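Below is one structure, written out as structure tokens; the observations come after it.
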Amino acid sequence: MSLKTFWCLWYFLFGLCIGSFLNVVIYRLPLNLSVARGRSFCLACKHPLSAADLVPVFSFLFLKRKCRYCGAPISWRYPLVELLTGLLFALCCFVYGYGAYSALLCLICCVLIVAWFIDLDHTYIPDRLHVILLGAALLSYFIGPEISLTSRFLGALILGGGMFAIAWFTNGGIGGGDIKLMACCGLLFGWQRMIPAFFFAYLLAALRWVPAYLAKKIPEHTEIPMAPYLAASVMLFALFGQRFIAFYLSLFTA
């Protein structure tokens with residue numbers, strides 16, 4: 001096993017454990033419950049869970065998707081979040097190696113995953129997540145790959161300002177949480193990656209929702225949670241944006 005493979009595997013396993021914690025954050029943060037205090041419990045019977053019930057992914061499989069205390073079904077979301085976190089951690093290590101920046105990128109992925117699922121459940125993004133992203137943007141300037149201040153501020157201004165203008169003219173067509181999320185990501189990764197990420201996110205959303213609208217399967221004014229698409233696109237372009245952009249440009253220079 002190569003050293004890089006070893007570190008990617010370590011990041012993946014660590015990500016599984018962090019993903020288990022993110023499940024707690026996703027549930028408790030919108031309810032203003034402490035994410036650091038209090039044992040995890042079954043949402044159906046409220047029985048506290050033991051350590052054996054909380055092993056990422058394996059407990060879900062071993063218990064056959066049922067609570068050992070009341071037999072209530074366990075949502076597929078829990079292992080999905082754990083596996084998604086583990087995979088993203090491993091990709092951060094694979095793309096950027098093991099070190100300070102890949103660790104920071106893992107933190108950013110955690111924030112985006114939490115925003116993804118809270119918005120999916122409650123159609124809003126807690127402001128404290130934006131504060132974490134702003135702190136990460138400041139730190140990334142010193143430990144990350146070179147992204148100029150001009151690119152960062154243009155990313156924040158174009159995305160934040162552009163989305164705000166759309167929200168203004170469409171009377172709330174874009175949520176405030178989405179505006180702040182993309183402004184923070186523009187500050188993190190620069191306009192070159194985040195403007196394509198923005199359009200790709202809306203392409204993903206269109207592929208999901210437009211057919212349902214045309215088939216009249218959902219009401220016309222249904223509020224669509226955009227954080228899942230924005231978060232997925234941001235993570236994709238943060239990891240592979242340079243490759244995507246280089247490939248796109250090569251199509252016009254070949």
Side-chain angles (χ1 to χ4, degrees), residues 9-91 106-129 132 175 177-178 181 204-205 207-209 211-213 215-219 221-235:
L9 179 60
W10 190 92
Y11 268 64
F12 174 75
L13 294 175
F14 184 64
L16 290 181
C17 298
I18 296 299
S20 182
F21 173 70
L22 295 186
N23 279 316
V24 175
V25 177
I26 290 164
Y27 173 75
R28 295 188 183 187
L29 193 58
L31 302 178
N32 291 317
L33 300 174
S34 172
V35 300
R37 297 179 181 178
R39 293 176 58 183
S40 297
F41 54 86
C42 171
L43 298 183
C45 67
K46 309 303 180 185
H47 193 289
L49 302 179
S50 68
D53 301 320
L54 297 172
V55 180
V57 180
F58 294 101
S59 290
F60 178 84
L61 297 175
F62 179 77
L63 294 172
K64 298 180 180 179
R65 204 196 161 198
K66 294 181 180 179
C67 171
R68 76 163 74 238
Y69 307 104
C70 68
I74 302 172
S75 172
W76 282 95
R77 172 181 292 187
Y78 296 107
L80 174 63
V81 169
E82 292 162 355
L83 287 169
L84 176 62
T85 309
L87 176 62
L88 286 170
F89 274 38
L91 285 174
C106 288
L107 172 63
I108 295 166
C109 287
C110 289
V111 174
L112 292 173
I113 290 170
V114 172
W116 175 334
F117 287 96
I118 288 181
D119 194 40
L120 198 61
D121 291 338
H122 304 280
T123 61
Y124 92 107
I125 304 172
D127 279 337
R128 65 189 71 182
L129 299 181
I132 297 173
D178 298 333
L181 180 70
L204 291 177
L207 292 174
R208 164 64 180 87
W209 290 99
Y213 271 123
K216 298 182 178 180
K217 293 182 178 180
I218 54 176
H221 298 291
T222 298
E223 187 174 353
I224 298 174
M226 277 302 301
Y229 308 100
L230 293 171
S233 187
V234 165
M235 289 185 283

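Quick caveat: nothing in here was measured; it's all calculated off a predicted structure. One-based numbering along the sequence shown.
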**Fill in**
Closest non-hydrogen atoms of Pro228 and Leu120, given as atom of the first, atom of the second and distance, are CG-CD1, 3.9 Å

**Item:** Nearest non-hydrogen partners of Trp209 and Pro225, listed with the distance
**Value:** CZ2-CD, 4.5 Å

**Request:** Begin with the C-alpha distance, continue with both residues' side-chain angles, and end with the deciding distance and a verdict on side-chain contact (heavy atoms from CB on, under 4.5 Å) for Leu29 and Arg128.
**Result:** CA-CA 10 Å; Leu29 193 58; Arg128 65 189 71 182; 3.3 Å; yes

**Message:** Suppose we screen for side chain to side chain contact (heavy atoms under 4.5 Å, CB included). Which residues come up paired with Pro48, at least two apart in sequence or across chains?
**Reply:** Arg39

**Message:** Please enumerate all residues that pass side chain to side chain contact (heavy atoms under 4.5 Å, CB included) together with Ser20, with sequence neighbours excluded.
**Reply:** Pro56, Glu82

Is there a side-chain contact between [X] and [Y] in this structure, where contact means two heavy atoms from C-beta onward sitting under 4.5 Å apart?
X: Leu112; Y: Leu230; value: no
X: Leu22; Y: Phe117; value: no
X: Met226; Y: Leu181; value: no
X: Val55; Y: Phe62; value: no
X: Tyr124; Y: Pro30; value: yes
X: Phe89; Y: Leu13; value: no

What's the separation between atom [atom1] in [X] and atom [atom2] in [Y], rounded to the nearest 0.5 Å?
X: Cys17; Y: Leu54; atom1: SG; atom2: CG; result: 11.0 Å
X: Leu80; Y: Ser75; atom1: CG; atom2: OG; result: 8.5 Å
X: Phe21; Y: Ile26; atom1: CZ; atom2: CD1; result: 10.5 Å
X: Ile74; Y: Leu61; atom1: CD1; atom2: CG; result: 10.0 Å
X: Arg28; Y: Ser40; atom1: CZ; atom2: OG; result: 5.5 Å
X: Ile113; Y: Ile118; atom1: CD1; atom2: CD1; result: 12.0 Å

Who pairs with [X] by ring-ring contact (aromatic ring centres under 6.0 Å, His included), at least two apart in sequence or on another chain?
X: Phe14; value: Trp10
X: His47; value: Tyr69
X: Tyr78; value: none

**Item:** Identified side chain to side chain contact (heavy atoms under 4.5 Å, CB included) partner of Thr85 from the options Leu83, Leu88, Val81
**Value:**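 The option that passes is Val81.
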
**Prompt:** Donor-acceptor pair, Ser59 side chain versus Ala52 backbone, under 3.5 Å?
**Reply:** yes

**Message:** So for atom CZ, which belongs to Phe41, do other residues, nucleotides or ligands contribute more than 12 heavy atoms lying within a distance under 6.0 Å?
**Reply:** yes

**Message:** Does anything in residues 58-79 form a salt bridge (charged side-chain N to carboxylate O under 4.0 Å, His left out)? List the pairs, not counting sequence neighbours.
**Reply:**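 Matches after skipping sequence neighbours: Asp53-Arg68, Arg77-Asp121.
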
